[in-house]
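Accompanying notes for the structure given below.
Proteins get letters first, then strands, A, B, ... in listed order; numbering begins at 1 in each.
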2 protein chains.
Amino acid sequence: MRDLVTLLWKPPTPPRRGPRPTLTLESITRAGIAAADANGLTGVTMHRVAEAVGVTKMALYRYVPGKAELVALMLDCAIGAPPDPRPGASWRETLDAWARGLYAGFCAHPWALEVAVGDRVIGPNELTWLEHAVTALTGSGLDGGEMLDVAVLLTGHVRNLAQQVTAISSAPNPERAMSSSLHLVLAGREDRFPAVTAAMASAKAVEGQDQALNFGLARILDGVGTLIDARKDRVLGPPDLRL
Amino acid sequence: MRDLVTLLWKPPTPPRRGPRPTLTLESITRAGIAAADANGLTGVTMHRVAEAVGVTKMALYRYVPGKAELVALMLDCAIGAPPDPRPGASWRETLDAWARGLYAGFCAHPWALEVAVGDRVIGPNELTWLEHAVTALTGSGLDGGEMLDVAVLLTGHVRNLAQQVTAISSAPNPERAMSSSLHLVLAGREDRFPAVTAAMASAKAVEGQDQALNFGLARILDGVGTLIDARKDRVLGPPDLRL
DNA sequence: CTCCAACTGTGTCCGACGGATACAGAGTAT
DNA sequence: ATACTCTGTATCCGTCGGACACAGTTGGAG
C-alpha cells in the first residue's frame, strides 16, 4: 500500500494490468470532506464514504491504507492552495490577508481544526501556505527561524479563533450564544470570579464574531512590526518612516 | 445521572442509603489521566480505567454519564489551578508567567491539547486560569472584551506551541527531529518551496525548543503593550515612563 | 489466440469499544 | 425485621476499523 507521504506528494499512477480502478483518490477524498462538513469528523466512516462513492467499505482500502491517511488527505485538500498575494503589498498587508484566508478555510471546514494537530506529515497545500507566509517576510530583516515562528504564531491564532467561532455558531442558539456556557457557569459565582464577571459585563454584545480575530491579528502584527523596526534600526539607523 | 456542569462544579454528595460507593470521582479521574499520560487519549478506555481502579467497566457509569464527561473532568483536573501571581509584578510579568505555566501544564499532559477544543463546558480550574489573566490586565485601560481577547490570544499561542513541542518530543528520534518530517518532504523540492527551504537552512539548530514560545510571547505582549500605551496616551496625555 | 500474472471489488469475519439493561447483593431508614 | 435505595456485575448489542480469502477483470508474454 502506498505511503501517506506518497499519497500526499506523488501523483497517483494508474497500474499497468488488471481492471481499471473505478475510483479516484480525489473522489474518495471529496466524499470524505463532504461527510465531514455535514456531520463532523465522527460522521466520517469508511462505510459512509464508500457508500457515497458507490463501492463497498473494503474497496477504499485499495486506495488508502486506513482512515487516518484518508483524513490527512482530506485536510490538505480541504485547506486548498493559498490565494496569490497582492503584488506590491507590504508584508503586513500580505500576512493579514494570508491569516484571514486561512481563517476562512478553517471556518468552512471546522473538522479540520481537530485534525491539524500534533505530529503529522505536512501536505503540499499546507506547505504552500507556509511558503507564502515566509515569502511575505523575506527581506524584512528577520532570520529564518523568526519567520517560521511568525507563521506558527499566526496559524495558532487563526486556529484558536476559528475554533471559538465554529463552537459558537454550532451552538443551539447562535444568536444569543456569545459564550453562553460561560454565562451559565458564572451565574451565582460572581464573587469567585470577579474579574471575568466584570470583563464579560463590560464586553456586552459589542463583540462581533470577527472582533477577536481582528484584535489578535493587530496585536501580533504590531509585535512583529516592532521587531522588524528594531532590526532595521540596528542596521540602518533610526527609520524615517513607519508602516 | 449527574450533569457535566454538576460534576465539574458541585462537590460530590454521598448518598443516604444503600452500599457506600467504593470509588471516588477523583480516583476515576486520576486513573483516566494516568492512562492518557501513558498511552494518549486513545489509550483511555472505559475498560482500562475501570481495571485501573479495580472495578468493572460498567461500574464507572454510576459516577460518570459517559466517556466524554470523564475526559472533561480529566482535562480540568490535569490543568490544575494556576499558580498565584507574584505580588507587585507588572501585567506583563504576570501574563508571561501565566502563559509559561499553562504551557508547562499542556506539555505535561499532551492529550489535553486534543480535548480543549470546541464548544465545551468550562471547569473551575480552567475558569480560574482565565480569571487570573483578566485580573492581571484589570486597570490597564483595556476594556473587558479586550482583556478576554488577550487571554484567548495567549492561550492559542501556548496551545499551538505545546502541540509543536509534544509532537517533536514524541517523534522517534527527538534529538535530530527538529521538524524532521518537514525536512523529509522538503528534500528534492527545494525549487518549489524556496522561501521555506532558505528559512529552515538559516534557522539551523539554533532554535531551542522554547525559542518559538519565547518569540511569540514577546511579540504578543509587545503588541498588547503598544495598545495599552495608546490607551494611556489618549486618557492621560503622553506617558512619562514606560514599562 | 491463450494463458498467466496482476489488480480490482466483494463478502465474511474478528476484535475493540461505548453503552443499555436487567439483576443480585449491600446497607440504611422505618 | 422489612422495605427501599443504591451499588457493582454480567450479559448483550450496535458500530466501527480492519484482516483475509475469493471471484472477476484486464493486459502482456508466448
**Item:** Spacing between B:Leu41 atom CG and C:dA16 atom P, to the nearest angstrom
**Value:** 20 Å

**Prompt:** With a non-hydrogen cut-off below 4.0 angstrom, is A:Val44 in contact with a base, only sugar-phosphate, or nothing?
**Reply:** sugar-phosphate

**Fill in**
To the nearest angstrom, the NE2-P distance between B:His47 and C:dG19 comes to 16 Å

**Message:** Tell me which pairs pass side chain to side chain donor-acceptor pair (under 3.5 Å) where either residue lies in residues 37-50 of chain B, with sequence neighbours left out.
**Reply:** B:Asp37-B:His109, B:Asp37-B:Trp111

**Asked** Phosphate oxygens OP1/OP2 of D:dG8: is one of them under 4.0 Å from a side-chain N or O of B:Tyr61?
**Response** no

Show every donor-acceptor pair shorter than 3.5 Å between a side-chain atom in residues 19-35 of chain B and any protein atom, with sequence neighbours excluded, or say none if there are none.
unit_1  : atom_1 : unit_2  : atom_2 : d
B:Glu26 : OE2    : B:Arg30 : NE     : 3.2
B:Glu26 : OE2    : B:Arg30 : NH2    : 3.1
B:Ser27 : OG     : B:Thr24 : N      : 3.2
B:Ser27 : OG     : B:Thr24 : O      : 2.8
B:Thr29 : OG1    : B:Leu25 : O      : 2.7

**Message:** I'd like to check B:Met46 versus B:Leu70 (side-chain heavy atoms, cut-off strictly below 4.5 Å). Are they in contact?
**Reply:** yes

**Message:** I need the residues from residues 65-77 of chain A with at least one non-hydrogen atom less than 4.0 Å from DNA chain D; give them sorted by number, or say none.
**Reply:** A:Gly66, A:Lys67

**Request:** From the options A:Val115, A:Val49, A:Val44, select the one residue that forms a side chain to side chain contact (heavy atoms under 4.5 Å, CB included) with A:Met74.
**Result:** A:Val44

If you restrict it to nitrogen or oxygen atoms, what contacts under 3.5 Å exist between nucleotides 22-29 of chain D and the protein, and what is each distance?
unit_1 : atom_1 : unit_2  : atom_2 : d
D:dT26 : O2     : A:Gly18 : N      : 3.4
D:dG27 : OP1    : A:Arg20 : NE     : 3.3
D:dG27 : OP1    : A:Arg20 : NH2    : 2.5

**Item:** Between C:dC7 (C1') and A:Arg2 (CZ): distance, integer Å
**Value:** 15 Å

**Message:** Please confirm whether the shortest side-chain N or O distance from A:Thr22 to OP1 or OP2 of C:dG9 is below 4.0 Å.
**Reply:** yes

**Asked** By side chain to side chain contact (heavy atoms under 4.5 Å, CB included), which residues pair with B:Ala72, not counting sequence neighbours?
**Response** B:Leu4

**Spacing of A:Leu60 atom CG relative to D:dG17 atom C1', expressed in whole Å** = 12 Å

Check the interface with nucleotides 1-3 of chain C: list each N/O to N/O pair with the protein under 3.5 Å, or write none.
none

**Message:** Just to be sure I understand the geometry, which residues of residues 48-59 of chain B put a non-hydrogen atom under 4.0 Å away from DNA chain C?
**Reply:** B:Arg48, B:Lys57, B:Met58

**Complete:** Sorted by chain and residue number, the side chain to side chain contact (heavy atoms under 4.5 Å, CB included) partners of A:Glu131 (sequence neighbours excluded) come out as A:Thr135, B:Phe193, B:Pro194, B:Ala195, B:Val196

**Request:** Check side chain to side chain contact (heavy atoms under 4.5 Å, CB included) between B:Pro65 and all other residues, then give those that pass, not counting sequence neighbours.
**Result:** B:Met1, B:Leu7, B:Glu69

**Item:** Contact list for DNA chain D against residues 4-11 of chain B - heavy-atom distance below 4.0 Å
**Value:** none

**Message:** If the condition is salt bridge (Lys or Arg N to Asp or Glu O under 4.0 Å), which residues does B:Arg100 pass it with, not counting sequence neighbours?
**Reply:** B:Asp96

Identify every side-chain donor-acceptor pair in residues 75-82 of chain B under 3.5 Å, counting partners at least two apart or on other chains, and give the distances.
unit_1  : atom_1 : unit_2   : atom_2 : d
B:Asp76 : OD1    : B:Asn125 : N      : 3.4
B:Asp76 : OD1    : B:Glu126 : N      : 3.1
B:Asp76 : OD2    : B:Asn125 : N      : 3.1

**Prompt:** Rounded to the nearest 0.5 Å, how far apart are CG of A:Leu213 and CG of B:Leu153?
**Reply:** 10.5 Å

